[in-house]
Amino acid sequence: MIEFNKTHGFSKLLNARQGFSLVEMLVVLVIVGILAVQVVISFTSPVVPLKGDAFDLRSNMNMARGEAVKRNEQVLVEFFNNTDIPLVGDGNDDGYMICLDSLSTNTCIDEPAANIIKSVVFNDIVQFYGTLASGGPPFDGAGNNPPGGALGDGVSFVGNAFLMRSNGTTNQDGAVYLYVPDADPTKMRVAPFTV
């Protein structure tokens, strides 16, 4: 508080504080600690890369639609699982490629490099929701199939690919199921996301 003296003007500070009290410091430290724990949990959680890859896939599907309309050509979105397309990633990853389908072969591998619009490899812990070839339970997931019935590799598009036509429509309907597997093949670390 500042005291006003009629003869000398503002003369001195009353009750001047020299710092923070111990209680104020403890409150600040507790708040900072809570925020730090939340940051660590969010960065170590397997949900973060799964959501990131799922949202990227959705936006890249929209980008493929936009490219098809803009270029007035068919754009192919082809999904690869582990060793299907060893030229992308290290050959042990799941992901997808987006390319112009100028050769009409329904695969991006045959297309010239200039026609490849984008190649995406999922985060190391994210993969397609896999099931056994016999149609049994997922070999890397929970004991039941994801919504949509039995899947061979988490991609329900026939041939693991679909075309975006120049009018903004696709040649088939389908979904992609992404998840984070657990060390125990009968469990998942994170429930699947459907795009």
Side-chain angles (χ1 to χ4, degrees), residues 1-67 77 79-83 85-86 88-98 117-131 137-148 151 153-156 174-195:
M1 195 169 152
I2 298 176
E3 181 184 273
F4 184 75
N5 187 321
K6 290 183 182 179
T7 58
H8 296 49
F10 294 99
S11 63
K12 62 180 179 177
L13 293 174
L14 297 176
N15 299 327
R17 296 182 65 169
Q18 298 298 318
F20 297 107
S21 71
L22 181 61
V23 173
E24 291 170 329
M25 289 298 291
L26 287 175
V27 168
V28 169
L29 288 174
V30 167
I31 291 171
V32 168
I34 290 170
L35 292 174
V37 167
Q38 291 297 324
V39 167
V40 168
I41 288 172
S42 70
F43 281 111
T44 58
S45 171
V47 173
V48 173
L50 179 62
K51 280 186 177 180
D53 284 342
F55 291 139
D56 284 348
L57 175 58
R58 176 175 286 168
S59 68
N60 284 329
M61 285 183 172
N62 286 327
M63 184 265 304
R65 175 184 292 129
E67 288 292 321
V77 179
F79 298 93
F80 55 87
N81 189 348
N82 294 328
T83 58
I85 303 179
V88 180
D90 63 7
N92 295 314
D93 300 305
D94 292 351
Y96 55 97
M97 293 177 78
I98 301 171
I117 297 171
K118 193 168 198 176
S119 295
V120 178
V121 176
F122 294 136
N123 190 294
D124 289 341
I125 65 170
V126 177
Q127 67 183 47
F128 296 123
Y129 195 103
T131 59
F139 60 83
D140 266 325
N144 56 6
N145 288 327
L151 298 170
D153 60 5
V155 180
S156 68
V176 178
Y177 301 90
L178 303 176
Y179 81 116
V180 177
D182 192 73
D184 179 355
T186 63
K187 297 180 182 175
M188 291 181 284
R189 290 176 62 194
V190 179
F193 271 70
T194 307
V195 179

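All residue numbers in this chain count up from 1 along the given sequence.
- Between N123 and P49 the shortest heavy-atom distance is ND2-CB, 3.4 Å.
- If you take CG on L22 and CE on M25, they are separated by 8.5 Å, rounding to the nearest 0.5 Å.
- Closest of all the heavy-atom pairs between F80 and V120 is CZ-O, 3.5 Å.
- Side chains of D94 and F79 form no contact here, defined as non-hydrogen atoms less than 4.5 Å apart.
- Between the OH atom of Y179 and the CD1 atom of I125 there is a distance of 11.5 Å, given to the nearest 0.5 Å.
- The minimum heavy-atom distance between V195 and A54, with the atom names listed, is CG2-O, 3.7 Å.
- Nearest heavy-atom pair, V180 versus P46, reported as atom, atom and distance to 0.1 Å: CG2-O, 3.8 Å.
- Closest of all the heavy-atom pairs between V77 and I98 is CG2-CG1, 4.2 Å.
- Distance check, rounded to the nearest 0.5 Å: CG of L35 to CD1 of I31 gives 7.5 Å.
- The side chain to side chain donor-acceptor pair (under 3.5 Å) check on N60 picks up Y96, K118, with sequence neighbours excluded.
- The list of salt bridge (charged side-chain N to carboxylate O under 4.0 Å, His left out) pairs with a residue in residues 45-58, not counting sequence neighbours, is empty.
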